[in-house]
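Letters go in sequence order (proteins before strands), and every chain restarts at 1. Values reported hereafter were calculated over all heavy atoms of this structure, with side chains retained and with hydrogens, waters and symmetry mates removed.
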There are 2 protein chains.
Amino acid sequence: MPARDAAPAANKYRAHRERQRRRILDAAERLFDEHGIDRVTMVEVTSASGLRASTMYQYFSSKDDIVWAILGTVLADLAAQTKEAIETARTALDKITAMLEIMADRLTNDQAKVRFLAQFDAMYARDWPAERLLTLEGQINPLGFRYFGTLIREGIADGSLRPDLDPDLTMHAVINAVIGAQRRLASLGNRVELEYGQPVDRLFRETIRVILLGLRATEIRAARVRCAPPSRAERSG
Amino acid sequence: MPARDAAPAANKYRAHRERQRRRILDAAERLFDEHGIDRVTMVEVTSASGLRASTMYQYFSSKDDIVWAILGTVLADLAAQTKEAIETARTALDKITAMLEIMADRLTNDQAKVRFLAQFDAMYARDWPAERLLTLEGQINPLGFRYFGTLIREGIADGSLRPDLDPDLTMHAVINAVIGAQRRLASLGNRVELEYGQPVDRLFRETIRVILLGLRATEIRAARVRCAPPSRAERSG
DNA sequence: CTCAATTCGTAATGGTAGTTCGAAATCGGA
DNA sequence: TCCGATTTCGAACTACCATTACGAATTGAG
């Protein structure tokens with residue numbers, strides 16, 4: 001190793017620290033998913049990481065520290081995936097569809113991570129300030145909440161969404177519902193499948209389908225009746 | 001105590017016991033909602049009930065006992081409300097609407113109870129056998145899961161639901177999503193309102209509206225755009 | 001008022017999680 | 001090889017929770 005540069009030494013220590021850190025986080029993530037965040041103790045995380053308790057405190061001073069650290073990595077992944085998907089979509093409906101598809105993919109391929117988010121929500125929601133709490137949704141559309149409104153307006157304008165949707169309301173409601181459904185399915189896992197007789201991802205994709213049907217402008221099949229005289233309901237409604 | 005009539009004496013004692021029991025459950029329910037089930041200790045429940053630890057153990061031998069007891073009362077309420085609502089509805093769509101309305105009402109009027117269910121789900125889901133887990137949904141439609149399928153078929157037959165819904169899938173997906181949305185909103189509480197700028201019940205009712213729009217057979221208002229040229233989205237999608 | 005059944009309250013026990021501290025081992029650099 | 005910096009280890013300590021035992025107090029019925 002070169003003499004004059006002090007950085008490499010520090011870097012070596014830092015690299016080791018980083019490895020240890022990741023080792024702890026991996027062990028914790030696995031334990032959290034196996035037994036539930038609340039039931040896992042620092043002692044367990046410690047021994048699962050192959051360390052001693054006192055060493056652990058050099059890295060994380062509490063279970064909460066670990067939880068927040070895991071959250072950071074999970075959210076970073078999510079944000080990246082979502083951003084990419086939105087950018088390639090054309091109509092507003094396509095963008096919304098892409099966002100929801102991402103969530104379906106994650107439910108299928110990263111179910112443990114979704115479960116982690118579900119647990120995190122349930123356990124920490126009460127202590128957060130609202131701002132922190134909503135970082136989560138912020139990661140799902142990296143452009144911020146206001147984007148929801150413009151998305152709906154855009155969709156009404158480009159004809160892909162129903163004209164009677166509320167720009168300040170609908171998209172928030174949809175995202176909340178989809179997140180809720182996703183987290184719930186991830187938490188219940190394959191036991192839902194046993195009882196419902198349907199795999200988790202089919203259930204979730206059906207949820208998405210129904211919601212998108214509710215959002216999209218009346219589709220072509222409506223054309224079938226479009227020259228019919230106005231009905232009673234239409235006149236009264 | 002008199003020989004032949006044991007009941008009166010026993011009843012007095014039992015009445016006291018019942019009062020105490022409820023006192024404990026009420027205190028526990030409040031604490032669980034304030035601090036989260038996992039963070040509440042038996043000691044806290046005990047002192048909040050105005051009892052001593054040893055007395056507590058005459059009633060509940062563990063926190064889990066308390067939790068399950070609370071669950072029992074919450075579910076009983078829910079089942080009664082739901083059953084009544086379904087019975088008065090006519091079309092399948094009306095029945096579904098009634099079920100979802102009940103959930104909206106509970107979110108508005110019994111938010112703490114919904115929060116309790118959310119916590120319960122998150123914390124105990126992993127330990128349950130599937131059968132117990134799904135008792136919850138069972139309470140939402142007291143007729144059982146198979147009823148979901150017949151409900152969809154009925155709706156397709158009576159013309160209130162889209163014909164392309166899947167009797168074995170759609171209703172399960174919808175219920176899961178609506179429960180997920182409801183629990184999530186209850187857990188996040190008014191903090192969502194602060195950030196979203198929309199009250200919890202408006203968000204939830206919008207969720208219901210979108211989902212019902214996705215379920216219902218193509219409606220009449222579509223006629224409004226019936227003479228417009230097909231939009232871009234309509235042509236491409 | 002008295003007896004008997006029941007509950008209450010204090011105090012003690014055992015166990016576990018969290019935390020701290022100094023000594024020992026390890027690593028990087030000359 | 002040696003020195004200083006960094007990390008790890010082992011042990012002790014604190015604090016709190018769950019649980020139990022047992023005598024005191026309360027309550028119902030005659």
Sequence neighbours left out, cut at 3.5 Å: what donor-acceptor pairs do the side chains of residues 42-49 of chain A make with other protein atoms?
residue : atom : partner : partner atom : Å
A:Glu44 : OE1  : A:Thr41 : N            : 2.8
A:Glu44 : OE1  : A:Thr41 : OG1          : 3.4
A:Thr46 : OG1  : A:Met42 : O            : 2.6
A:Ser47 : OG   : A:Val43 : O            : 3.4
A:Ser47 : OG   : A:Glu44 : O            : 3.3
A:Ser49 : OG   : A:Val45 : O            : 2.7

For residues 32-39 of chain A, run the donor-acceptor check on the side chains, cut-off 3.5 Å, and write out each pair with its distance to 0.1 Å, sequence neighbours left out.
residue : atom : partner  : partner atom : Å
A:Asp33 : OD1  : A:Arg115 : NE           : 2.6
A:Asp33 : OD2  : A:Arg115 : NH2          : 2.9
A:Glu34 : OE2  : A:Arg30  : NH1          : 3.1
A:Arg39 : NH1  : B:Asp127 : OD2          : 2.9
A:Arg39 : NH2  : B:Asp127 : OD2          : 3.1

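Counting to the nearest Å, the P atom of D:dA11 and the CE atom of A:Met56 are 19 Å from each other. Atom-to-atom, CG of B:Asp38 to P of D:dC16 comes out at 18 Å; the value is rounded to the nearest Å. Rounded to whole Å, the distance from CG on A:Leu51 to P on D:dT6 is 19 Å. In this structure, B:Glu18 atom CD and C:dT7 atom P are separated by 13 Å, rounded to whole Å. The nearest whole Å value for the distance from the CZ atom in B:Arg23 to the P atom in C:dT7 is 14 Å. When rounded to the nearest whole Å, the span between CZ of B:Arg52 and C1' of D:dC22 equals 17 Å. Rounded to a whole Å, the CD atom of B:Gln20 is 15 Å from the P atom of C:dT6.
Remark: the B:Arg17 side chain and the B:Gln20 side chain contain no N/O donor-acceptor pair separated by less than 3.5 Å.
An OP1 or OP2 oxygen of D:dT8 is reached within less than 4.0 angstrom by a side-chain nitrogen or oxygen of A:His16. An OP1 or OP2 oxygen of C:dT6 is reached within less than 4.0 angstrom by no side-chain nitrogen or oxygen of B:Arg17.
In this view, B:Asp77 and B:Arg106, B:Lys113 satisfy the side chain to side chain contact (heavy atoms under 4.5 Å, CB included) rule, not counting sequence neighbours. Evaluation of the side chain to side chain contact (heavy atoms under 4.5 Å, CB included) rule for B:Arg146 yields no partner, not counting sequence neighbours.
DNA chain C contains the following stems of three or more consecutive Watson-Crick or G-U pairs, with both distances under 3.5 Å: C:1-30 with D:1-30.
The closest side-chain heavy-atom distance from A:Val74 to A:Leu78 is not below 4.5 Å.
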- Query: Going through the distances and angles, do A:Arg205 and A:Asp105 end up as a salt bridge (charged side-chain N to carboxylate O under 4.0 Å, His left out)?
  - Reply: CA-CA 10 Å; A:Arg205 283 175 196 280; A:Asp105 285 348; 3.4 Å; yes
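Within 6.0 Å of the CD atom in A:Glu84, the count of heavy atoms belonging to other residues, nucleotides or ligands does not exceed 12.
Here B:Trp68 and B:Phe120 bring their ring centres to under 6.0 angstrom of each other.
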- Task: Using a 4.0 Å heavy-atom cut-off, write out nucleotides 12-26 of chain C from 5' to 3' as B (base contacted by protein), S (sugar-phosphate only) or - (no contact).
- Result: -----SSBBB-----
